[in-house]
Amino acid sequence: WMATERSTPTATTNCGCFKPDKCQNGHWPDNVNCNNYWGQNTSVPATDGTTPVTNLTTMIPGDDSEYIGNLAESFIRRQVADGDPFFLYLPFHTVHVRYIAVEPYVTMYRKLGNYTAEEIDYFGAISAMDTQIGRIRGVLRDLGIENDTLLWFASDNGPEDGTPGQTNGLRGRKRDLTEGGIRVPGLIEWPDRIRENRVLETPIVSSDLMPTFLDIIGGHMPDERPVDGRSALDIIGGKTSNRSSPIGFAYKVPRDFNDSYNVAWVDNQYKIFAMVKEGQISESYLYDLTRDRGETTDLSKNFPEVSRSMVSQLGAWLQSVETSAKTESKCYDVKTDPGPWIEDFLE
């Protein structure tokens, strides 16, 4: 398997969101938020926010999506040449700030409409990423493996504040647990299993990916640790339109919320949006997402039993998460302990 690094220090990421005159070797060492940009030869990024990324004397030229696409294509072709199946995790930087469009996309958007410079950079960066996704699809076809390859695209969250990104009327943006922050588009291509175009209304979350992949290969979890996600294979295959369990969200950032934070619990029809204060769920709201994706009408008083049941489920999930964080989590040092390999998931 392979995972590309989304935060490649190319000319188009330009040290992420930082001004060009503050960059030092692809890194702004005085800002603690600039600690995830990797050098060409480093095995780990700077972690303390004070040391520049090493082994990088100049920015990598070109568009960052193209650079990541180069890595992905090379990996795919090498795996196929060796006769080996593969898993490729391909996270793009676009459109995390700071994004910069390159040609031919700058000229394309100038010709398409009366866009601002900010919009040209934003839309041009997305088009550059789209080109690379098309490139990967072309590689799969060129190698004759497109039919039995599952290609899964999804965004990670809603658009950043202050960017041209849109939510199509949904409330909130990035960092919000209203639908504008968490409901994002997804596309799945798998010709051997998906033979006609369909639009799925059933929500699928990134936590579902691992159980889905294990289901596809006939694998299983190597131990009894709790898993939030559920296999989405039957949803993808059209056998059901309902989730087998709700989706939990918690946005807990101590520097932002101290002892309070937002949580959400999304089922097939209803959603609870609430605040946790001093460890207790409070100020909960109930929304019917099948009729009100804009979350304009609180139904908690109309359906008190539904509200109480979902709040109780949410509380149990939060407790499980806290327990896991304290007793069951383990961080792997890939240099000395690479963690469980695929053999651990298969008989």
Practice problem: Test Gln132 against Ile68 for side-chain contact (heavy atoms from CB on, under 4.5 Å), laying out the working first. | Solution: CA-CA 8 Å; Gln132 295 306 310; Ile68 293 172; over 6 Å; no
Quiz item: Are the side chain of Arg243 and the backbone of Pro203 linked by a donor-acceptor contact shorter than 3.5 Å?
Solution: yes
Practice problem: Kindly indicate whether the side chain of Glu103, heavy atoms from C-beta on, has any atom under 4.5 Å from the side chain of Met108. | Solution: no
Self-check item: Over 12 foreign heavy atoms within 6.0 Å of CD, Glu322
Solution: yes
Self-check item: Check: Ser282 side chain, Met275 main-chain N or O, donor-acceptor pair, under 3.5 Å
Solution: yes
Quiz item: Is Arg141 reaching over with its side chain to a backbone N or O of Arg137, donor-acceptor style, under 3.5 angstrom?
Solution: yes
Exercise. Determine, stepwise, if the pair Ile182 / Lys271 fulfils side-chain contact (heavy atoms from CB on, under 4.5 Å).
Key: CA-CA 12 Å; Ile182 59 177; Lys271 171 184 176 178; 3.8 Å; yes
Practice problem: Taking all non-hydrogen atoms of both residues into account, name the closest pair between Thr167 and Gly172 and its distance. | Solution: CG2-O, 3.6 Å
Practice problem: State plainly whether one hydrophobic cluster holds both Val95 and Val184, where clusters connect Ile, Leu, Val, Met, Phe, Trp and Tyr through side-chain heavy atoms under 4.5 angstrom apart. | Solution: no
Exercise. Flag yes if Ile204 and Leu151 sit in one hydrophobic cluster, no otherwise; membership is Ile, Leu, Val, Met, Phe, Trp, Tyr, and two members link when side-chain heavy atoms are under 4.5 Å apart.
Key: no
Practice problem: Give me the one residue out of Leu299, Asn302, Val306 that meets side chain to side chain contact (heavy atoms under 4.5 Å, CB included) with Asp288. | Solution: Leu299
Self-check item: Note, Thr178 side chain near Leu170 side chain (heavy atom, < 4.5 Å)
Solution: no
Practice problem: Specify whether Phe303 and Tyr270 have parallel, tilted or perpendicular ring planes, treating 30° as the upper limit for parallel and 60° as the lower limit for perpendicular. | Solution: tilted
Practice problem: Tell me yes or no: between the side chains of Thr212 and Asp208, is some donor less than 3.5 Å from an acceptor? | Solution: no
Exercise. Calculate, to the nearest 0.5 Å, the distance between atoms CG and CD1 belonging to Leu200 and Ile194 respectively.
Key: 8.0 Å
Quiz prompt | Minimum-distance pair of heavy atoms, taken over all atoms of Gly165 and Tyr122 | solution = CA-OH, 3.3 Å
Quiz item: Considering only heavy atoms from C-beta outward, does the side chain of Ile145 approach that of Phe86 to under 4.5 Å?
Solution: yes
Quiz item: So how far is it from Arg171 CZ to Asp176 CG, rounded to the nearest 0.5 Å?
Solution: 8.5 Å
Quiz item: Does the side chain of Leu71 reach to within under 4.5 Å of the side chain of Phe75, using non-hydrogen atoms?
Solution: no
Quiz item: Minimum heavy-atom separation for Ile136 to Ala72, with atom names?
Solution: CD1-CB, 3.8 Å
Quiz prompt | N/O donor-acceptor pair under 3.5 Å between Thr202 side chain and Ser241 backbone | solution = yes
Exercise. I would like to know whether Gln269 and Arg291 meet side-chain contact (heavy atoms from CB on, under 4.5 Å); could you show each step before the answer?
Key: CA-CA 9 Å; Gln269 179 178 359; Arg291 296 179 173 86; 3.5 Å; yes
Self-check item: Glu295 side-chain N/O to Tyr287 backbone N/O, donor-acceptor pair under 3.5 Å
Solution: no
Quiz prompt | Ala101 to Gly124 - nearest heavy-atom pair and separation | solution = CB-CA, 3.9 Å
Practice problem: Decide yes or no on salt bridge (Lys or Arg N to Asp or Glu O under 4.0 Å) for Glu283 and Lys277, but give the supporting numbers first. | Solution: CA-CA 9 Å; Glu283 301 178 36; Lys277 294 181 179 180; 2.5 Å; yes
Quiz item: Are side-chain heavy atoms of Pro246 and Met310 found at a separation under 4.5 Å?
Solution: no
Practice problem: Give the intermediate values and the outcome of salt bridge (Lys or Arg N to Asp or Glu O under 4.0 Å) for residues Arg77 and Asp142. | Solution: CA-CA 10 Å; Arg77 291 190 179 278; Asp142 180 53; 3.1 Å; yes
Exercise. Please list, chain by chain and in numerical order, all residues satisfying side-chain contact (heavy atoms from CB on, under 4.5 Å) with Leu150, sequence neighbours excluded.
Key: Trp152, Ile188, Trp190, Phe213, Ile216
Quiz item: How would you list all residue pairs meeting salt bridge (Lys or Arg N to Asp or Glu O under 4.0 Å) that involve residues 115-124, not counting sequence neighbours?
Solution: none
Quiz prompt | Side-chain (Arg195) to main-chain (Asp192) donor-acceptor, under 3.5 angstrom | solution = yes
Exercise. Look only at the side chain of Ser324 and the backbone of Ser320, and say whether a donor-acceptor pair between them is shorter than 3.5 Å.
Key: yes
Quiz item: So which heavy atom on Thr94 is nearest to which on Ser65, and how close?
Solution: OG1-OG, 3.5 Å
Self-check item: Test item: side-chain donor near acceptor, Ser309 and Glu305, under 3.5 Å
Solution: no
Quiz item: Sub-3.5 Å donor-acceptor pair from the side chain of Asp292 to the main-chain atoms of Thr297, do we have one?
Solution: yes
Quiz item: From Ile281 CD1 over to Leu314 CG, what is the distance, rounded to the nearest 0.5 angstrom?
Solution: 4.0 Å
Quiz item: Going by atom types only, do Asp228 and Ser207 share a side-chain donor-acceptor pair under 3.5 Å?
Solution: no
Quiz item: Given side chains that start at C-beta, do those of Ser231 and Leu214 come closer than 4.5 Å, heavy atoms only?
Solution: no
Quiz prompt | Distance in Å, Ile120 CD1 paired with Asn114 CG, rounded so as to fall on 0.5 Å steps | solution = 9.0 Å
Quiz item: Side chains of Ser300 and Asp298: is there a donor and an acceptor less than 3.5 Å apart?
Solution: yes
Quiz item: How many angstroms lie between atom CG of Asn157 and atom OH of Tyr251, to the nearest 0.5 angstrom?
Solution: 9.5 Å
Practice problem: Can you measure from NE2 (His96) to CG (Asp156) and round to the nearest 0.5 angstrom? | Solution: 4.5 Å
Quiz item: Between Tyr109 and Ser127, does any side-chain donor sit less than 3.5 Å from a side-chain acceptor?
Solution: yes
Quiz item: Are the side chain of Ser74 and the backbone N or O of Asn70 linked by a donor-acceptor pair below 3.5 Å?
Solution: no
Self-check item: Distance-minimising heavy-atom pair for Arg230 and Ser244
Solution: CG-OG, 3.4 Å
Exercise. Verify, without hydrogens or angle tests, whether Arg173 (side chain) and Gly158 (backbone) share a donor-acceptor contact under 3.5 angstrom.
Key: no
Quiz prompt | hydrophobic_cluster_shared for Tyr261 and Val321, side chain cutoff 4.5 Å | solution = yes
Self-check item: Worked check of side-chain contact (heavy atoms from CB on, under 4.5 Å) between Thr131 and Tyr105
Solution: CA-CA 10 Å; Thr131 297; Tyr105 310 106; 2.7 Å; yes
